[in-house]
Amino acid sequence: MSIVIPLLFDTGRKLGLWVAFDERAWLLGGAGVHRFTVGMRIDSRNTLPVGTSVALGGTAWLVTSTSRDYLGRWTTEKPFAVYAEPFSSNLVLEMRDDQLALIEQRRAAADGSVRLDLEFAATLTGGLPADEPSPPRRGRRNNALASTAGGWPVAHGTHTLTYTASQWAELLAGLTAHTSLAVVMPVPLLDPSAHEVAKLLRDAVKLITDGQPAKAVVDARRAIEVADTVFGDLQANNAAMKAITDIAPNDRTQDQRFALLRHALFSLASPPAHGDAKANQFVWSREAAVAVISSVAALAAVRSDASSATKQP
């Protein structure tokens, strides 16, 4: 049975909304930003005239026993007006990839469930009862301010939505679009050449967003070349690679294996910049471009850490 949340307006009269959440919830996937939607049932219990317009929204927080993380502002799917009978609406909250990643981190450290604390703010924005004083008129330019800064009746409340591990896993399985991969790459703050590596990778991500994965891979290739200048050459030429591959796999050092990775990434990222027959056979999808860019970023981060360590006294 759903818990009913009363939202009573600050008018001195018993005017309010009673909100209950049902079991309908969706997580609709997008390109890096996803839409979390929960069904609501709303009833004014005949305390408000039919047609009274209401702005309903608030903030959402991810809560565990040791943390409280801000997720953003939620609102209803569209503005609504009060009906004579109980009616339905949807709560909508946008979640980015990094927020979903944070939720997964918190779930992994706990019991796998997800707890969302919701703070409510409901404002009557029109169609007030006849004997209810209207807010003061402040001129057209200040109407928006009047509806939020005072005058319009406001109600506040809180509620917690809890999803078990299996329920949340089912929501994640319902994502209908690919999510992107956020990679954080530390670079030396005072090294402008190192900043150029990060800039090229950021530009590559933007090109993917713009639907140009092949051009994104070109920027990733340029990032490898700049990283060689900044962090030092990994000796990844063809002759060096042949020498490493002649070594038994179990006997290769970490540096030799990173050199192999650098060689493979540069080889993979080179075709879009060439016009040979083999290059023309490559198909650069969004997923393939993301694989190259994220791998280049991760390798650059490793090389940045190693470079900083060798420079320390």
Side-chain angles (χ1 to χ4, degrees), residues 2-3 5 21-40 57-75 90-120 158-187 198 201-202 204-205 208-209 220 254 257-258 261 265 285-306 308-309:
S2 299
I3 298 176
I5 304 101
F21 290 94
D22 58 28
E23 296 181 356
R24 297 175 301 148
W26 307 268
L27 190 55
L28 180 63
V33 180
H34 316 286
R35 184 182 175 94
F36 178 69
T37 305
V38 185
M40 297 186 295
T59 56
W61 302 77
L62 174 66
V63 179
T64 69
S65 59
T66 59
S67 63
R68 180 178 171 85
D69 302 292
Y70 177 69
L71 292 179
R73 297 195 62 82
W74 66 268
T75 185
N90 289 326
L91 173 155
V92 176
L93 171 67
E94 289 189 345
M95 289 186 179
R96 302 185 309 273
D97 280 340
D98 59 314
Q99 291 175 313
L100 287 180
L102 174 66
I103 292 174
E104 293 309 291
Q105 289 177 354
R106 297 289 190 249
R107 288 200 323 124
D111 59 359
S113 63
V114 172
R115 174 183 166 185
L116 303 178
D117 275 5
L118 303 177
E119 296 179 354
F120 287 81
T158 60
H159 182 59
T160 300
L161 295 175
T162 301
Y163 299 91
T164 64
S166 61
Q167 288 173 328
W168 190 255
E170 185 177 349
L171 287 175
L172 291 177
L175 288 176
T176 57
H178 296 290
T179 59
S180 62
L181 176 63
V183 178
V184 178
M185 185 190 71
V187 294
L201 292 172
R202 286 195 296 268
V205 172
I208 290 180
T209 303
Q254 186 179 43
R257 298 179 195 214
F258 276 130
L261 177 59
L265 286 173
S285 64
R286 177 183 184 276
E287 293 75 22
V290 168
V292 172
I293 294 167
S294 57
S295 298
V296 172
L299 181 59
V302 170
R303 297 180 68 183
S304 173
D305 286 345
S308 299

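Since we're looking at a predicted model, the values are computed, not measured.
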Set of residues satisfying salt bridge (Lys or Arg N to Asp or Glu O under 4.0 Å) with respect to R115, sequence neighbours excluded: D117
Straight-line distance of T64 OG1 to I103 CD1, nearest 0.5 Å: 12.0 Å
Heavy-atom pair with the smallest gap, counting every atom of L171 and L27: O-CB, 3.7 Å
Min side-chain heavy-atom separation L71-F36 under 4.5 Å: no
Least distance between heavy atoms, T162 atom then T160 atom: OG1-CG2, 3.8 Å
Distance in Å, E119 CD paired with W74 CH2, rounded so as to fall on 0.5 Å steps: 10.5 Å
Pair L261-R257, side-chain contact (heavy atoms from CB on, under 4.5 Å): steps then yes or no: CA-CA 6 Å; L261 177 59; R257 298 179 195 214; over 6 Å; no
Stepwise side-chain contact (heavy atoms from CB on, under 4.5 Å) test for Y163 and E170: CA-CA 10 Å; Y163 299 91; E170 185 177 349; over 6 Å; no
I208 to V290 - nearest heavy-atom pair and separation: CD1-CG2, 3.7 Å
L118 vs L91 side-chain heavy atoms within contact, under 4.5 Å: yes
Candidate pair N90 and W26, rule side-chain contact (heavy atoms from CB on, under 4.5 Å), full reasoning: CA-CA 10 Å; N90 289 326; W26 307 268; 4.0 Å; yes
Contacts of type side-chain contact (heavy atoms from CB on, under 4.5 Å), residue D69, not counting sequence neighbours: L62, S67, L102, R106
L161 side, atom CG; I3 side, atom CD1 - distance, nearest 0.5 Å: 9.5 Å
V292, L299, I293 screened by side-chain contact (heavy atoms from CB on, under 4.5 Å) with V296, the one that passes: V292
Working for side-chain contact (heavy atoms from CB on, under 4.5 Å), residues H34 and D97: CA-CA 8 Å; H34 316 286; D97 280 340; 2.6 Å; yes
Aromatic ring pairing F21/F120, orientation class (parallel under 30°, perpendicular over 60°, tilted between): tilted
